[in-house]
Structures are given as C-alpha cells and as structure tokens.
Amino acid sequence: MTAPENTPQSGTPAGLPSEAQILEALKVVKDPEIPVNVVDLGLIYGVDINEAGLVDITMTLTSVGCPVQDLIRADAEMAVGRLDGVNEVNVEFVWSPPWGPDKMTEDGKRQMRMFGFNV
C-alpha cells in the first residue's frame, strides 16, 4: 500500500519535517559542559509535530538546575526553527524519568570515551 499523495510515508503531514529530520537538526545542539550533542546524550524524550508547524520537544538535562538550560533551549529552538514548515518550537524540560548514562546512544558513549569519560 502506498502513502496518500502529498503525505510522507512517515505519517508527518506534507510540507513538515519528520521526527527523524528534527532529531538530525537537534544534533547541532550540544551541552557546553559535555562535548556531545543532546540527541546522542539521550536528552530528547519526545518530539511532536502538528499540522500548523508547531513542534513540541520534550527533553531533560543531565542535572536539575543545569546552568546552561536557557542556552540549550535557545539552541534547540533555533536549530529546529530553521527547518522548512516549522512555524514555532516549544521546548519543555522534564525531570522524570531522570537522565542517566544508560539513555545515551552508542555513538554518544563512544564520543564520551574519546574525551576521557568512563561510560
């Protein structure tokens, strides 16, 4: 069965980025205290795209009270906001479940080991 015309097979409405494209865009966002992007760190918990071009991102940080929270939020909003079809980006930080190294991708763990972290 083929996808309806003008609708990508990913289920994303036509003209809007897919979740995979949003995650790829978020890979430019790094925690300045840790030399790994927020996707590979496992900080992104969810992405929701609506038909009006609103992207809601649910994410966490490595610690509550992270001093760079506003910077990471601004970087994420800017990175995703550049994608075609995106009209607004909302980033919501959540603390449950808490972040831990087990949430990192294998690539993220490899990057951390390259910088001397034991993960």
Side-chain angles (χ1 to χ4, degrees):
M1 183 172 172
T2 61
E5 192 172 324
N6 296 329
T7 303
Q9 288 187 346
S10 67
T12 304
L16 296 176
S18 66
E19 181 176 343
Q21 290 170 313
I22 290 169
L23 291 173
E24 190 62 34
L26 285 169
K27 286 187 176 183
V28 303
V29 179
K30 296 191 182 209
D31 183 327
E33 298 175 326
I34 302 172
V36 179
N37 70 70
V38 296
V39 174
D40 287 329
L41 275 173
L43 300 178
I44 306 300
Y45 286 177
V47 173
D48 184 48
I49 309 131
N50 79 12
E51 292 180 12
L54 169 64
V55 177
D56 287 314
I57 299 167
T58 304
M59 65 182 294
T60 195
L61 296 170
T62 56
S63 65
V64 175
C66 178
V68 295
Q69 177 175 336
D70 291 338
L71 176 64
I72 291 173
R73 178 192 313 271
D75 287 352
E77 289 172 349
M78 191 179 327
V80 174
R82 291 181 177 143
L83 295 174
D84 289 341
V86 174
N87 295 315
E88 186 178 347
V89 181
N90 292 321
V91 175
E92 179 184 0
F93 291 103
V94 297
W95 307 109
S96 183
W99 178 85
D102 59 306
K103 297 197 181 318
M104 295 173 63
T105 66
E106 286 306 312
D107 193 39
K109 290 175 183 177
R110 190 180 78 253
Q111 292 174 56
M112 292 287 285
R113 287 191 291 269
M114 286 175 30
F115 287 101
F117 292 91
N118 186 21
V119 289

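Everything quoted here is computed from the prediction, not taken from an experiment.
Within the model, atoms NZ of Lys30 and CG of Leu43 stand 13.0 Å from one another, a figure rounded to the nearest 0.5 Å. Distance check, rounded to the nearest 0.5 Å: CG of Leu23 to CD1 of Ile57 gives 8.5 Å. Distance check, rounded to the nearest 0.5 Å: CE of Met112 to OG1 of Thr105 gives 11.0 Å.
Using modelled atom types, one side-chain atom of Tyr45 and one backbone atom of Pro97 make a donor-acceptor pair closer than 3.5 Å.
Counting heavy atoms from C-beta on, the side chains of Glu88 and Val55 never come closer than 4.5 Å. Inter-residue side-chain proximity for Leu16 and Val86 is flagged as unmet; no heavy-atom pair is nearer than 4.5 Å. Put simply, the side chain of Asp31 does not reach to within 4.5 Å of the side chain of Val36, judged on heavy atoms. Within the 4.5 Å cutoff, side-chain heavy atoms of Ile44 are placed close to those of Val38. Leu54 has its side chain out of reach of Asn87: every pair of non-hydrogen atoms, C-beta onward, lies at least 4.5 Å apart.
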Side-chain polar contacts of residues 59-85 - donor-acceptor pairs under 3.5 angstrom, sequence neighbours left out - could you list them?
{"from": "Thr60", "atom 1": "OG1", "to": "Val94", "atom 2": "O", "distance (Å)": "2.7"}
{"from": "Arg73", "atom 1": "NH1", "to": "Val91", "atom 2": "O", "distance (Å)": "2.6"}

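Put simply, Met114 and Val39 are part of two different groups of oily side chains (I, L, V, M, F, W, Y) that touch within less than 4.5 Å, one to the next.
Each salt bridge (Lys or Arg N to Asp or Glu O under 4.0 Å) pair with one or both residues in residues 91-115, not counting sequence neighbours, appears once here: Glu106-Lys109, Asp107-Arg110.
By the side-chain contact (heavy atoms from CB on, under 4.5 Å) test, Asp48 pairs with Asp56, sequence neighbours left out.
Of all heavy-atom pairs between Val119 and Pro101, the closest is CG1-CB, 4.5 Å. Between Ile49 and Pro17, the shortest heavy-atom distance links the atoms CD1-O, 3.6 Å.
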